[in-house]
Amino acid sequence: MIDIQLIRENSQEVIRRYRTRNFDAAGIVGRVTEVDSGRRNTQKQLDDTLSEAKKISAEVGELFRAGKAAEAEPLKDRSSQLKKRARDLQEKLDTLSSELNELMTQLPMLPHPSVPSGSTEEDNEIVSEEGSMPGLGEDALPHWELAKKYDLIDFEAGTRVTGAGFPVYKGKGARLQRALIGFFLDEAGKAGYTEYQPPLMVNADSAFGTGQLPDKDGQMYYVGADDLYLIPTSEVPVTNIFRGRILKEDELPVKCAAYSVCFRREAGSYGKDVRGLNRLHQFDKVEIVQVAHPDKSYEALDEMVSYVSSLLRKLQVPFRVARLCGGDLGFASAITYDMEVYSAAQKRWLEVSSVSNFETYQSQRMKLRYRSSGGKNLLAHTLNGSALALPRLLAALLENNQTGDGIVIPEVLRPYTGFDAI
RNA sequence: GGAGAGGUGGCCGAGUGGUCGAAGGCGCACGCCUGGAAAGCGUGUAUCCGUCAAAAGCGGAUCAAGGGUUCGAAUCCCUUUCUCUCCGCCA
């Protein structure tokens with residue numbers, strides 16, 4: 001949620017900034033202004049009413065103690081009336097508050113000024129590209145063929161056991177997955193991130209806190225019997241570790257890393273884009289999360305982007321960094337950099353990481369604050385990024401490193417895999 | 001899953017219907033004391049909303065959450081939730 005203060009102070013500016021997202025906020029912002037002033041008005045009336053009722057109660061108390069119970073009778077009546085009035089006002093206040101809350105929830109994060117306007121992927125701004133493109137022959141195989149040829153992934157078995165989008169990794173394929181996870185966690189540790197193992201299911205409050213609910217309801221698997229959601233990313237449980245907390249200023253930035261399995265329903269996506277490992281219902285990912293001081297969050301963002309770049313560099317995969325345009329930006333994000341690796345046999349770029357600064361969007365929802373040196377409790381900024389998501393990276397590694405009679409394992413992974421080639 | 005006990009401020013802990021936002025202690029901050037420190041002494045120490053240009057001030061809410069009884073609830077009643085103990089089950 002954005003800070004309502006921004007709307008109170010300059011609603012036109014807010015509406016203008018939302019245009020970068022192709023989001024017409026005029027209607028909602030207008031309603032917010034209206035409901036907000038009504039709410040405050042009602043609050044004032046309620047407070048005054050309660051104030052009077054409290055005074056009367058105190059008087060009644062004194063009369064009782066003085067043994068003049070009879071004199072208290074008319075006061076009791078008056079107090080009853082006030083209480084009835086307060087009940088009505090409270091009801092009105094609740095209605096207005098929840099209406100306001102609902103409106104605010106419909107507003108996405110304000111985009112950072114550097115976010116390019118645009119509506120689709122096409123309008124994303126490529127900010128850098130590095131690594132050399134592998135020269136593969138015409139007989140180069142896509143990763144799903146390679147996975148079959150070298151018996152690394154059994155897609156059919158996954159379909160039998162669960163359904164499409166739930167692959168079974170096998171032998172060196174499974175080992176390679178484990179190697180990548182180990183490598184990523186070790187690297188994150190060296191970069192100052194504390195390792196966490198979060199729950200894989202979260203409650204609705206957590207899903208709301210990071211912005212999955214209500215916006216992305218339907219993209220998460222839901223366990224109805226216990227009212228829990230399977231996490232779509234460990235961003236959700238990890239960030240929510242800090243929900244409702246007030247951190248000390250010198251604790252910032254908080255840097256967390258977590259490996260987890262991720263579950264996504266990906267409702268409605270079929271076709272060749274989802275072939276093989278390109279898009280799955282269950283996948284593995286190491287995520288990094290930071291809780292940062294508002295003045296330092298863009299520094300943190302840059303650090304995260306260069307950290308993820310360093311991983312890709314070490315793995316020797318060609319990659320590029322894109323700054324998402326307003327239209328492609330996630331609901332909760334002020335700015336997002338996508339990191340894409342080049343998958344040589346498919347001849348396409350695959351997104352393997354998404355690094356975002358949510359500024360106060362999530363912290364506002366989850367009341368995540370820090371105590372400033374001035375003694376005030378202020379909202380912290382939250383950020384996260386994949387470091388990294390495994391399947392597409394695995395796809396690129398398999399495709400780019402194929403030699404015709406095997407697949408070469410990148411140097412840095414060999415201590416983890418225990419083998420040099422497949 | 002069954003039985004019982006309990007959730008009070010950063011923490012411990014008193015409080016069972018009437019100035020209780022809440023005694024006391026610890027912790028923390030500041031000051032005094034000291035050559036310096038410890039001890040000691042003193043002062044302060046929750047969050048949110050509203051009012052205000054802002055601060056102060058003032059008003060309101062909050063003793064797990066929600067509802068109820070009452071003129072008045074941390075205190076009584078109901079529901080939910082979480083924690084602990086015992087039993088059951090179990091990787």
Side-chain angles (χ1 to χ4, degrees), chain A residues 1-11 32-105 197 199-209 223-229 237 240-252 254 261 291 360 363-380:
Chain A
M1 263 185 284
I2 69 163
D3 188 348
I4 193 164
Q5 202 60 36
L6 293 170
I7 293 178
R8 284 181 193 154
E9 279 164 9
N10 194 343
S11 59
V32 165
T33 309
E34 211 174 286
V35 176
D36 180 49
S37 82
R39 200 204 106 240
R40 287 194 285 174
N41 203 329
T42 308
Q43 169 99 55
K44 179 88 176 82
Q45 289 177 45
L46 174 63
D47 287 355
D48 290 347
T49 306
L50 286 173
S51 176
E52 200 183 337
K54 276 179 86 162
K55 273 194 205 102
I56 291 174
S57 287
E59 283 172 36
V60 171
E62 264 171 56
L63 288 171
F64 265 76
R65 254 169 304 169
K68 300 177 189 164
E71 287 176 39
E73 285 308 315
L75 288 175
K76 282 165 80 166
D77 288 348
R78 174 69 183 141
S79 184
S80 289
Q81 283 167 24
L82 285 171
K83 200 191 165 181
K84 189 175 175 310
R85 171 133 189 269
R87 214 194 304 254
D88 294 343
L89 284 166
Q90 182 69 56
E91 205 169 300
K92 189 175 167 196
L93 182 66
D94 290 347
T95 307
L96 290 170
S97 297
S98 65
E99 195 178 334
L100 182 64
N101 207 40
E102 202 168 302
L103 287 166
M104 291 300 290
T105 301
Q197 277 195 17
L200 302 183
M201 291 195 253
V202 295
N203 57 32
D205 285 345
S206 292
F208 177 79
V223 182
D226 294 288
D227 197 21
L228 295 171
Y229 297 85
N240 274 283
I241 290 168
F242 305 97
R243 171 152 50 86
R245 287 183 51 189
I246 300 171
L247 301 168
K248 297 196 185 88
E249 193 168 28
D250 61 16
E251 287 178 272
L252 301 176
V254 176
V261 179
V291 180
T360 58
S363 57
Q364 170 86 32
R365 290 183 160 212
M366 57 174 85
K367 304 285 174 267
L368 165 48
R369 293 169 292 175
Y370 70 97
R371 185 178 291 277
S372 72
S373 45
K376 289 232 175 220
N377 296 330
L378 304 171
L379 293 172

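All values below come from the heavy atoms of this structure, side chains included, with hydrogens, waters and symmetry mates left out.
- With sequence neighbours excluded, no residue forms a side chain to side chain donor-acceptor pair (under 3.5 Å) with A:N377.
- Taking the 5' to 3' direction, RNA chain B first and last meets chain A under 4.0 angstrom from a heavy atom at B:G18 to B:G72.
- B:A61 and B:A14 have their C1' atoms separated by 24 Å, with the value rounded to a whole Å.
- Taking a 4.0 Å limit (strictly below) on heavy-atom distances, residues 39-59 of chain A reaches RNA chain B at A:R39, A:R40, A:Q43, A:K44, A:D47, A:L50, A:S51, A:K54, A:S57.
- Using a 4.0 Å heavy-atom criterion, one finds that A:R371 contacts the sugar-phosphate atoms exclusively.
- For the P atom pair drawn from B:G1 and B:A56, the interatomic distance equals 50 Å after rounding to whole Å.
- Residue A:K84 places its NZ atom among 12 or fewer non-hydrogen atoms of other residues, nucleotides or ligands, all under 6.0 Å distant.
- Side-chain N or O atoms of A:T360 include none that pairs as donor or acceptor with a backbone N or O of A:Q364 at under 3.5 Å.
- Residues satisfying the side chain to side chain contact (heavy atoms under 4.5 Å, CB included) criterion with A:M201, sequence neighbours excluded, are A:V223, A:L228, A:L230.
- Counting only Watson-Crick and G-U wobble pairs whose two key distances fall under 3.5 Å, RNA chain B forms stems of three or more stacked pairs at B:1-7 with B:81-87, B:10-12 with B:24-26, B:27-32 with B:40-45, B:46-51 with B:57-62, B:64-68 with B:76-80.
- For the residue pair A:T33/A:D36, the side-chain donor-acceptor check at 3.5 Å is not satisfied.
- Nucleotides B:G27 and B:G10 place their C1' atoms 8 Å apart, quoted to the nearest Å.
- Heavy atoms of other residues, nucleotides or ligands lying less than 6.0 angstrom from CD of A:Q197 number 12 at most.
- Using C1' as the reference atom, B:C26 and B:G13 are 10 Å apart when rounded to the nearest Å.
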Listed pairs under 3.5 Å, donor-acceptor, residues 72-81 of chain A side chains, sequence neighbours left out:
residue: A:R78; atom: NH2; partner: A:E52; partner atom: OE2; Å: 3.0
residue: A:S80; atom: OG; partner: A:K76; partner atom: O; Å: 3.2

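- Under a cut-off of 6.0 angstrom, the local environment of CD in A:E91 is sparse, with at most 12 non-hydrogen atoms contributed by other residues, nucleotides or ligands.
- Shown here are the salt bridge (charged side-chain N to carboxylate O under 4.0 Å, His left out) partners of A:E34, two or more places apart in sequence or in another chain: A:R31.
- In this structure A:Q45 satisfies the side chain to side chain contact (heavy atoms under 4.5 Å, CB included) test together with A:N41, A:R85, A:L89, sequence neighbours excluded.
- Less than 4.0 Å separates RNA chain B from at least one heavy atom of each of the following residues of residues 79-96 of chain A: A:S79, A:S80, A:K83.
- B:C48 and B:G72 have their P atoms separated by 29 Å, given to the nearest Å.
- Spacing of C1' atoms, B:G7 relative to B:C63, comes out at 10 Å, to the nearest Å.
- Spacing of P atoms, B:A5 relative to B:C77, comes out at 13 Å, to the nearest Å.
- By the salt bridge (charged side-chain N to carboxylate O under 4.0 Å, His left out) test, A:D47 pairs with no residue at all, sequence neighbours left out.
- Here A:R87 pairs with nothing under the side chain to side chain donor-acceptor pair (under 3.5 Å) rule; sequence neighbours left out.
- Between A:D36 and A:K76, the one whose closest nucleotide on RNA chain B sits nearer the 5' end is A:D36.
- Listed by chain and number, the residues in a salt bridge (charged side-chain N to carboxylate O under 4.0 Å, His left out) with A:R245 amount to none (sequence neighbours excluded).
- Residue A:N377 is in sugar-phosphate contact alone, with no base atom involved, counting any heavy-atom pair closer than 4.0 Å across all strands shown.
- In this structure a side-chain-to-backbone donor-acceptor pair under 3.5 Å is missing from A:T42 to A:L93.
- B:A73 and B:G15 have their C1' atoms separated by 13 Å, with the value rounded to a whole Å.
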